[in-house]
Amino acid sequence: MVIDPVARRTDGESVRIAKDVLCAGAGAKICLPEGPEEFAQALARRGRRHPVVVGDDRALLRAVSLLHRERELAGVPLSMVPVGPPETVALSRALGVPTDAVAAARTVLDGGERPMDLLTDDSDGIVLGGLRIPCGDGAGALPGYAAYGAPGEPAMHGATGAVAGYPGRAAAPGGVRADAADPGHRGWWKPAARTARTALSLLATPAAGRWGAPRPGAAEAGGGRRGRVPAQRLRLRIEADGALLADLDRPVRGVSVVPGAGGVGDGEAGADDPAGRPGGLAEVVVHWPGEERPIRVRARAVTVSGADFHYRADALVGGPVRTRTWTVQPGAWRLRLPRQE
């Protein structure tokens, strides 16, 4: 059991409850890392034990990123006990993990492993919940968060190949920096320019705003800087499994890619399964300026090209890049979730 130090500081009572439930139900080795190196060491020294992460979404993303970097992700089932304010565990909730400490701890003991899709990009980054290229003229509200794999509504975003939340641990050039943190993470790194609440508001819940609209406290993004992407219409070439969805001669307002679209007909994927099931496909949505109906397709690989553009994965801004390809990796990782009746 790896207990994130931020969780210990922000909600020690939930951490204590989770420890009591887990230790009463199974033999558990408690690890209390105080920094990124200790976190990585605790995960590396797990032996045959199944890792249980106690913390917020950043802690989950950190664990997944480390295992992916070591090419051990497919063979290591993960369990998660979300601890933190609602906006910091939105990804865990979207993936189907209970956000109550007791329910989550019982899921660790009694739940079942479920294979989950993720996206990998050509810089070895990963995305768990979805990604979004924010652009446009500010017209038209963004869809809200959805359950993992639900069609038509981009879910909470995931991390990239860098160790999420660690300062100075950036992805490959043009990738997403992993040093955007909220003030609650001061024990591990210097305070970031945004709080986690502001970072999540950048992903635009229904009350938060529109494509490309300014957000309080945001800074310019680019060259490894964190913040808001300036509102603009982007001219992008977007291909899904080789099929052309948009070209440079027509600007787009936004693009979203969400893994876990496993259904066949419209509205089927994820409808009966709130956590989704890996289907080897991602739902790709291209939003046009104005009121024109967006294009929705399902594909295994998505390539976006154009003049320097940014993208958002999790609460982080990536880029600028001129081309990037994301590919669905079906069932690439396993997460313990409540058993279905």
Side-chain angles (χ1 to χ4, degrees), residues 1-68 72-73 76-114 116 128-129 156 158-159 163-166 178 181-189 196 200 275 314-315 333-338:
M1 183 191 312
V2 183
I3 304 177
D4 184 77
V6 179
R8 303 200 301 267
R9 289 195 298 270
T10 58
D11 193 352
E13 180 64 15
S14 292
V15 171
R16 183 191 63 78
I17 292 172
K19 283 172 53 179
D20 290 347
V21 173
L22 291 173
C23 291
K29 179 179 179 180
I30 309 298
C31 299
L32 305 174
E34 291 295 344
E37 290 78 14
E38 292 183 10
F39 190 100
Q41 289 172 4
L43 205 60
R45 295 172 180 172
R46 66 188 179 277
R48 295 186 178 181
R49 302 181 186 90
H50 291 175
V52 179
V53 178
V54 181
D56 59 14
D57 290 339
R58 290 182 180 274
L60 172 64
L61 296 169
R62 192 174 307 125
V64 174
S65 296
L66 287 167
L67 292 171
H68 172 72
E72 296 180 348
L73 183 59
V76 181
L78 282 169
S79 298
M80 177 68 180
V81 179
V83 174
E87 67 273 12
T88 68
V89 295
L91 172 60
S92 299
R93 181 172 57 249
L95 292 174
V97 180
T99 54
D100 174 73
V102 174
R106 288 177 176 168
T107 297
V108 174
L109 298 173
D110 304 325
E113 295 175 11
R114 190 171 305 172
M116 311 288 278
L128 300 185
M156 175 64 187
V163 182
Y166 293 169
D182 60 79
H185 290 65
R186 287 190 181 96
W188 288 33
W189 49 82
L200 283 160
D314 192 20
W333 66 298
R334 290 177 289 161
L335 182 65
R336 189 171 289 271
L337 297 174

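Along the sequence shown, residues are numbered consecutively beginning with 1.
- Between Met1 atom CE and Cys23 atom SG the span is 5.0 Å, to the nearest 0.5 Å.
- Looking only at side-chain heavy atoms (C-beta outward), Met116 and Arg334 stay at 4.5 Å or farther from each other.
- Within 6.0 Å of CZ on Arg8 lie more than 12 heavy atoms contributed by other residues, nucleotides or ligands.
- Closest of all the heavy-atom pairs between Ala59 and Val53 is CB-CG1, 3.7 Å.
- When all heavy atoms are compared, the tightest approach of Leu22 to Ala105 is CD2-O, 3.5 Å.
- When every heavy atom of Met80 is checked against every heavy atom of Asp56, the shortest pair comes out as CE-O, 3.2 Å.
- Side-chain contact between Pro5 and Leu32: absent, with no pair of heavy atoms (C-beta onward) separated by less than 4.5 Å.
- Atom CG of Leu95 sits about 7.0 Å away from atom CG of Leu60, to the nearest 0.5 Å.
- When all heavy atoms are compared, the tightest approach of Phe39 to Pro33 is N-CB, 3.5 Å.
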* Asked: What's the verdict on side chain to side chain contact (heavy atoms under 4.5 Å, CB included) for Arg336 and Leu78, showing C-alpha distance, side-chain angles and the deciding distance?
  -> CA-CA 6 Å; Arg336 189 171 289 271; Leu78 282 169; over 6 Å; no
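- Counting heavy atoms from C-beta outward, Leu128 and Leu61 have side chains that approach closer than 4.5 Å.
- Taking every heavy atom of both residues into account, Pro98 and Pro338 meet most closely at CG-CG, 3.7 Å.
- Ion pair Arg62/Asp4 flagged as a salt bridge, since at least one NZ, NE, NH1 or NH2 atom sits closer than 4.0 Å to an Asp/Glu carboxylate oxygen.
- Between Leu91 and Asp57, the shortest heavy-atom contact is N-OD2, 2.7 Å.
- At a threshold of 4.5 Å between non-hydrogen side-chain atoms, the residues Lys19 and Ile3 count as touching.
- Pro51 has its side chain within reach of Leu43: a pair of non-hydrogen atoms, C-beta onward, lies under 4.5 Å apart.
- Contact of the Val52 side chain with the Val81 side chain is registered, since non-hydrogen atoms from C-beta on lie closer than 4.5 Å.
- The residues Arg46 and Glu72 are annotated as salt-bridged, a charged nitrogen and a carboxylate oxygen being separated by less than 4.0 angstrom.
- To the nearest 0.5 Å, the span separating NE2 on His68 from CG on Leu73 amounts to 7.5 Å.
- Contact of the Arg93 side chain with the Val97 side chain is not registered, since no non-hydrogen atoms from C-beta on lie closer than 4.5 Å.
- In this structure, the side chain of Thr88 engages the main chain of Pro85 through a donor-acceptor pair within 3.5 Å.
- Taken from CD in Gln41 to CZ in Arg45, the straight-line distance is 4.5 Å, to the nearest 0.5 Å.
- The shortest side-chain heavy-atom distance between His50 and Glu113 falls under the 4.5 Å cut-off.
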